Asks: 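First the structure, which I've put down as structure tokens, then a few questions once you've had a look.
In the text below, chain A, chain B and the rest are named by the order of the sequence lines, each starting its count at 1. These numbers come from a predicted model, not from an experiment.
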Amino acid sequence: MCGRARCALSREEVASTSGVSQERWRDVEKFQPDQNMSPGHWSPVVKYDKNGQLELHTMKWGLVPSFSKPEEKPDHFRMFNARSETVPEKGIFKRLLGRQRCIVLLDGFYEWNQEHKQKQPYYIYLTGGVTKMAGLFDCWAPAEGDPIYTFTILTTDSSERLQWLHNRMPVILPDKAAEERWLQTAELDPKDLAAVCEPFNGEELKWHAVTPAMSRQGYHGDDCAKELKKPSITAFFKPKQAAAAAQLPRFSRPQKTSSGK
DNA sequence: CCAGACGTTGTT
DNA sequence: GTCTGG
DNA sequence: CCAGACGTTGTT
DNA sequence: GTCTGG
């Protein structure tokens with residue numbers, strides 16, 4: 001999953017959907033709504049501060065561990081995801097599981113599917129609001145400049161409905177209870193972790209094809225996440241038959257649904 | 001003990 | 001095909 | 001994750 | 001920081 005995402009929310013929307021006011025948003029000025037976000041870019045997360053108060057914090061996607069050398073060139077593409085199944089075993093993530101959990105606020109994310117020798121991007125999102133994902137964060141002090149907060153998004157096996165597109169998906173927190181469990185629980189035993197990381201398979205999960213233009217990083221047009229109306233090959237060559245076929249039941253191919261609608 | 005690595009994705 | 005850069 | 005480059009020689 | 005390999 002998830003080497004590309006969308007957080008086109010306004011500051012107001014970020015605040016209202018997180019339940020945290022803009023006054024409690026650290027580095028708010030670093031956040032700019034982005035239709036097509038890659039690792040290395042700033043995005044808002046929710047976490048508890050030292051005093052146990054919820055706060056928003058703009059961090060860079062792509063974890064850079066605190067023990068990275070100060071003069072090192074940060075690589076945000078190395079750890080933009082963390083396999084939830086092995087997080088408790090990997091030293092690099094294990095140490096963050098204690099008190100450096102966060103919730104990543106996104107509109108949705110993108111995945112690619114190989115179609116007719118082309119890579120077709122899809123936008124995946126939840127109806128009725130933002131997608132809240134389980135994340136871990138860290139803080140690294142470079143030789144020059146301010147300390148940099150970074151986060152990674154946990155992944156899990158894809159749920160049944162998304163299998164056709166990809167074998168992995170982000171850990172989506174389905175409700176307030178899951179959010180609280182992820183954020184609040186001081187110690188998270190493996191059972192709780194596994195429960196939180198259950199693949200999300202709800203009907204709210206939707207997807208549609210989008211413009212291949214967004215495959216290129218640096219493309220930030222507002223059509224990035226817009227549904228692509230692509231004429232089918234069949235319709236192109238045999239419009240009448242295709243139109244007729246569209247009215248009839250198709251061969252059952254549940255694993256290859258191409259629209260989440 | 002110290003030194004050195006520490007990750008994911010996909011693809012096969 | 002495979003590596004690098006973002 | 002995807003996109004884009006990937007090499008040498010000599011000459012300017 | 002924490003685990004692995006030698």
Asks: Using only side-chain N and O atoms of Thr155(A), determine if any of them is under 4.0 Å from OP1 or OP2 of dT9(B).
Replies: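 Affirmative; the distance criterion is met.
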Asks: Mind calculating the distance between CZ (Phe151(A)) and C1' (dT8(B)) to the nearest angstrom?
Replies: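 After rounding, the gap between these two atoms is 15 Å.
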Asks: Within the 3.5 Å criterion, strictly below it, is a donor on Thr58(A) or Asp27(A) matched to an acceptor on the partner's side chain?
Replies: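 Checked: Thr58(A)/Asp27(A) side chains show no N/O donor-acceptor pair below 3.5 Å.
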Asks: Hey, does the side chain of Lys119(A) come within less than 4.0 Å of dC2(D)'s phosphate (OP1/OP2), counting only N and O?
Replies: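 Checking dC2(D) against Lys119(A), a side-chain N or O does come within under 4.0 Å of OP1 or OP2.
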Asks: Give a yes or no on whether a salt bridge exists between Glu89(A) and Lys94(A), defined as a side-chain N under 4.0 angstrom from a carboxylate O.
Replies: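 Salt bridge between Glu89(A) and Lys94(A), a charged N being under 4.0 Å from a carboxylate O: no.
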Asks: May I ask you to evaluate whether Thr86(A) reaches the phosphate of dG7(B), defined as a side-chain N or O under 4.0 Å from OP1 or OP2?
Replies: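 Thr86(A) to dG7(B) OP1/OP2: no side-chain N or O under 4.0 Å.
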Asks: Can you tell me how far C1' in dT4(C) sits from the matching atom in dT9(B), rounded to whole Å?
Replies: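 That atom pair is separated by 16 Å.
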Asks: Can you check the distance between dT8(D) and dC2(B), where both ends of the measurement are the C1' atom (answer in whole Å)?
Replies: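 Comparing C1' positions in dT8(D) and dC2(B) gives a spacing of 45 Å.
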Asks: Do Trp61(A) and Thr150(A) get their side chains close enough for a donor-acceptor pair, meaning under 3.5 Å?
Replies: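 Side chains of Trp61(A) and Thr150(A): no pair found under 3.5 Å.
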Asks: What integer number of Å spans the C1' atoms of dC1(D) and dG7(B)?
Replies: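 The answer is 14 Å between these two C1' atoms.
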Asks: Please classify the nucleic acid contact of Ser215(A) as base, sugar-phosphate, or nothing, using heavy-atom distances under 4.0 Å.
Replies: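 Ser215(A): backbone/sugar contact only, no base atoms under 4.0 Å.
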Asks: Give none if dC2(B) has no partner; otherwise give the nucleotide forming a Watson-Crick or G-U wobble pair with it, both distances under 3.5 Å.
Replies: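 Base partner found: dG5(E).
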Asks: Ignoring the backbone of Phe67(A), work out which of dT9(B), dC6(B), dT2(E) is nearest its side chain.
Replies: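 Of dT9(B), dC6(B), dT2(E), dC6(B) is nearest to the side chain of Phe67(A).
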Asks: Is it the case that Arg99(A) places NZ or CZ above or below the six-membered ring of Tyr48(A), under 6.0 angstrom from the centre and within 45 degrees of the axis?
Replies: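 Negative - Arg99(A) is either too far from the ring of Tyr48(A) or too far off its axis.
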Asks: So, is Lys94(A) close to the dG1(E) phosphate, meaning a side-chain N or O under 4.0 Å from OP1 or OP2?
Replies: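 For dG1(E), OP1/OP2 do not have a side-chain N/O of Lys94(A) under 4.0 Å.
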Asks: Could you verify whether a donor N or O on one side chain and an acceptor N or O on the other, from Arg83(A) and Thr156(A), lie under 3.5 Å apart?
Replies: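 Short answer, no.
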Asks: Rounded to the Å, how far apart are Ile153(A) CD1 and dT9(B) P?
Replies: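 Roughly 12 Å, once rounded to whole Å.
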Asks: Roughly how many Å is it from CH2 in Trp42(A) to P in dG6(C), rounded to a whole number?
Replies: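 So the two atoms are 18 Å apart, to the nearest Å.
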Asks: Starting at CD of Glu115(A) and ending at P of dC2(D), how long is that distance when rounded to a whole Å?
Replies: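 One finds 13 Å between P of dC2(D) and CD of Glu115(A), rounded.
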Asks: Determine the contact category for Ser84(A): base if any of its heavy atoms lies under 4.0 Å from a base atom, sugar-phosphate if only primed atoms, P, OP1 or OP2 are that close, otherwise nothing.
Replies: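 Counting heavy atoms under 4.0 Å across all strands, no contact is made by Ser84(A).
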Asks: Counting any heavy atom closer than 4.0 Å, what does Phe77(A) reach on the DNA or RNA strands: base, sugar-phosphate only, or nothing?
Replies: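 Base contact - Phe77(A) has a heavy atom under 4.0 Å of at least one base atom.
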Asks: If we call it a pair only when both distances are under 3.5 Å in a Watson-Crick or G-U wobble match, what pairs with dT8(D)?
Replies: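 Across any shown strand, dT8(D) pairs with none.
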Asks: Using atom CZ of Arg168(A) as one end and atom P of dT8(B) as the other, report the distance to the nearest whole Å.
Replies: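 Taking CZ of Arg168(A) and P of dT8(B), I get 9 Å after rounding.
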Asks: Would you say the side chains of His220(A) and Asp34(A) form a donor-acceptor pair under 3.5 Å?
Replies: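 Note: His220(A) and Asp34(A) side chains meet the donor-acceptor criterion.
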Asks: For Arg78(A), answer base if it contacts any base atom (sugar-phosphate contacts may also be present), sugar-phosphate if it contacts only those atoms, and nothing otherwise; contact means non-hydrogen atoms under 4.0 Å.
Replies: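 Base contact.
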Asks: For Tyr110(A) and dC1(D), give me the distance from atom OH to atom P, rounded to whole Å.
Replies: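 In whole Å, dC1(D) P lies 17 Å from Tyr110(A) OH.
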Asks: Please give, in whole Å, the distance from dG7(B) P to Leu97(A) CG?
Replies: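 Distance, rounded to whole Å: 14 Å.
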Asks: Counting only side-chain heavy atoms from C-beta out, which of dG4(D), dC2(D), dT8(B) sits nearest to Arg216(A)?
Replies: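 Nearest nucleotide to the side chain: dG4(D).
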Asks: Expressed as a whole number of angstroms, how long is the span from Asp34(A):CG to dG6(C):C1'?
Replies: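 The distance from CG of Asp34(A) to C1' of dG6(C) comes to 13 Å, rounded to the nearest Å.
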